[in-house]
Peer 1: 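Below is a structure I'd like to ask you about.
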Amino acid sequence: MLDRALNPAAAPPIFGRDDGKAAGWAVSSRPVAYPDAAAAMEARAAAIAEGRAGELVWLLEHPPLYTAGVSAKSADLLDAGRFPVFESGRGGQFTYHGPGQRVAYVMLDLSRRQRDVRAFVAALETWVIGALERLEVKGEVRPGRVGVWVQRSMGEDKIAAIGVKLRKWVSFHGVSLNVAPDLDHFSGIVPCGISGHGVTSLADLGLGATMAEADSALKAAFQAVFGAVEEAEPPA
């Protein structure tokens, strides 16, 4: 699957739209408060489902915060007073968002792609792995663990988290890629409920990739997996 995703000339996108229509691609230049982003996603997902708006991938950063997915366990919140904590409604458990981490909220109409949640999550993983490949990092998936991992000399660390929600077959929430966040900020939670492994970033791996370079890699890899994009404005 990855080879096809990295070589768009070899095959059509593995999770493309049935009509080939481009998804919007928007980047926010300033940090976005989580409640504002959540409200904007809710509104956009509803508009997509009703045919009033097109698909959108929204790249942004948040101020430091923790979010709790629908499977989050209270015991995994180790330092509740460190940063604001928000209930997210997405799949998964606790995760951290903050400066230096690229969050990509993915609002796609799966009724025009594939009505298959597992295939969608696998496509998101393939997208991130393709982006990392462009940044000269080997990302991998692990059975039973959603997200993307990097093998290290002393074990393996998570470099990207995935948590999505679907309503009327429209997705929202998405992925978060650690470019250069403060990794100590993850110590206030058990990330994704997994305590036996660490967390890493492009910077932690010794790469000097900028956020713009990460965005470029994400954009190219997205088009290989999901199809064409066009520039769009972030949600108001």
Side-chain angles (χ1 to χ4, degrees), residues 1-29 32 36-60 88-92 102-134 139 141 146-148 160-177 212 214-236:
M1 180 181 292
L2 179 57
D3 290 339
R4 295 176 63 195
L6 292 178
N7 186 1
I14 61 174
F15 213 88
R17 279 182 64 106
D18 56 9
D19 58 3
K21 188 173 182 180
W25 186 270
V27 182
S28 289
S29 59
V32 179
D36 295 342
M41 277 194 292
E42 289 274 357
R44 183 62 175 244
I48 293 170
E50 295 167 7
R52 296 184 287 105
E55 297 179 320
L56 182 68
V57 181
W58 182 18
L59 276 59
L60 52 82
S88 71
R90 57 161 172 78
R102 177 52 88 206
V103 175
Y105 288 134
V106 184
M107 290 157 274
L108 301 180
D109 184 357
L110 269 59
S111 67
R112 303 306 304 262
R113 294 175 180 270
Q114 298 178 40
R115 292 195 179 198
D116 187 325
V117 178
R118 290 190 178 185
F120 176 53
V121 172
L124 293 173
E125 292 173 333
T126 299
W127 168 32
V128 175
I129 289 170
L132 289 171
E133 176 107 357
R134 288 168 168 82
V141 295
V146 174
V148 178
I162 296 175
V164 296
K165 182 175 181 178
L166 269 70
R167 182 179 298 140
K168 297 181 179 179
W169 289 105
V170 175
S171 68
F172 49 118
H173 298 281
V175 309
S176 57
L177 172 65
D215 288 351
S216 179
L218 285 166
K219 188 175 184 179
F222 182 91
Q223 292 179 92
V225 177
F226 292 97
V229 298
E230 59 186 12
E231 298 302 315
E233 291 296 319

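What's counted below: heavy atoms across the whole structure, side chains too, no hydrogens, waters or symmetry copies. Source: prediction; values computed, not measured. Here, residue 1 is the first one in the sequence, and each next residue gets the next number.
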Peer 1: So do Pro13 and Val225 actually touch side chain to side chain, heavy atoms under 4.5 Å?
Peer 2: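 Val225 does not reach Pro13 side chain to side chain.
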Peer 1: Counting C-beta onward and ignoring hydrogens, is there a side-chain heavy-atom pair between Leu56 and Pro235 closer than 4.5 Å?
Peer 2: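 Side chain of Leu56 against side chain of Pro235, heavy atoms only: contact under 4.5 Å found.
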Peer 1: Find out whether Leu132 and Leu177 are in side-chain contact, i.e. whether some heavy atom of one side chain is under 4.5 Å from a heavy atom of the other.
Peer 2: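 In short, these two side chains touch, coming nearer than 4.5 Å.
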Peer 1: Test your reading of the model: is there a side-chain donor-acceptor pair from Ser171 to the backbone of Val106, 3.5 Å cut-off?
Peer 2: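 Checking the backbone N and O of Val106 against the side chain of Ser171, a donor-acceptor pair under 3.5 Å is found.
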Peer 1: Applying salt bridge (Lys or Arg N to Asp or Glu O under 4.0 Å), can you list everything that pairs with Glu55, at least two apart in sequence or on another chain?
Peer 2: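 Applying salt bridge (Lys or Arg N to Asp or Glu O under 4.0 Å) to Glu55 gives Arg17, Arg113.
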Peer 1: Is there a side-chain contact between Trp127 and Leu218 in this structure, where contact means two heavy atoms from C-beta onward sitting under 4.5 Å apart?
Peer 2: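 Yes, at least one pair of side-chain atoms sits under 4.5 Å.
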Peer 1: Start with the C-alpha distance between Phe226 and Leu124, add both sets of side-chain angles, then the distance that settles side chain to side chain contact (heavy atoms under 4.5 Å, CB included), and finish with yes or no.
Peer 2: CA-CA 9 Å; Phe226 292 97; Leu124 293 173; 3.8 Å; yes
Peer 1: Are Phe15 and Phe120 close enough that their ring centers fall under 6.0 Å?
Peer 2: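 So the answer is yes for these two rings.
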Peer 1: Between Arg44 and Phe172, is any pair of side-chain heavy atoms under 4.5 Å apart?
Peer 2: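 The answer is no; the side chains never approach within 4.5 Å.
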Peer 1: Is a side-chain donor or acceptor of Ser216 paired with a backbone partner of Ala212 at a separation under 3.5 angstrom?
Peer 2: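 Judged by distance alone, no pair lies under 3.5 Å.
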Peer 1: Between Trp58 and Val32, is any pair of side-chain heavy atoms under 4.5 Å apart?
Peer 2: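 Yes. Closest side-chain heavy atoms under 4.5 Å.
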Peer 1: Can you tell if the side chain of Val57 reaches within under 4.5 Å of the side chain of Val229, non-hydrogen atoms only?
Peer 2: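 Contact flag for Val57/Val229 side chains = no.
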Peer 1: Looking at every heavy atom in both Ile162 and Glu125, which two are closest together, and how far apart are they?
Peer 2: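 Ile162 and Glu125 have their closest heavy atoms at CD1-CG, 3.3 Å.
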Peer 1: Closer than 4.0 angstrom, basic N to acidic O: yes or no for Glu42 and Arg167?
Peer 2: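 A salt bridge links Glu42 with Arg167.
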Peer 1: Determine which pairs satisfy side-chain hydrogen bond (donor to acceptor under 3.5 Å, both in side chains) with at least one residue from residues 227-236, sequence neighbours left out, and list them in order.
Peer 2: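 The answer is Lys219-Glu231.
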Peer 1: Do the side chains of Val27 and Arg102 get nearer than 4.5 Å, heavy atoms only?
Peer 2: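 In short, these two side chains touch, coming nearer than 4.5 Å.
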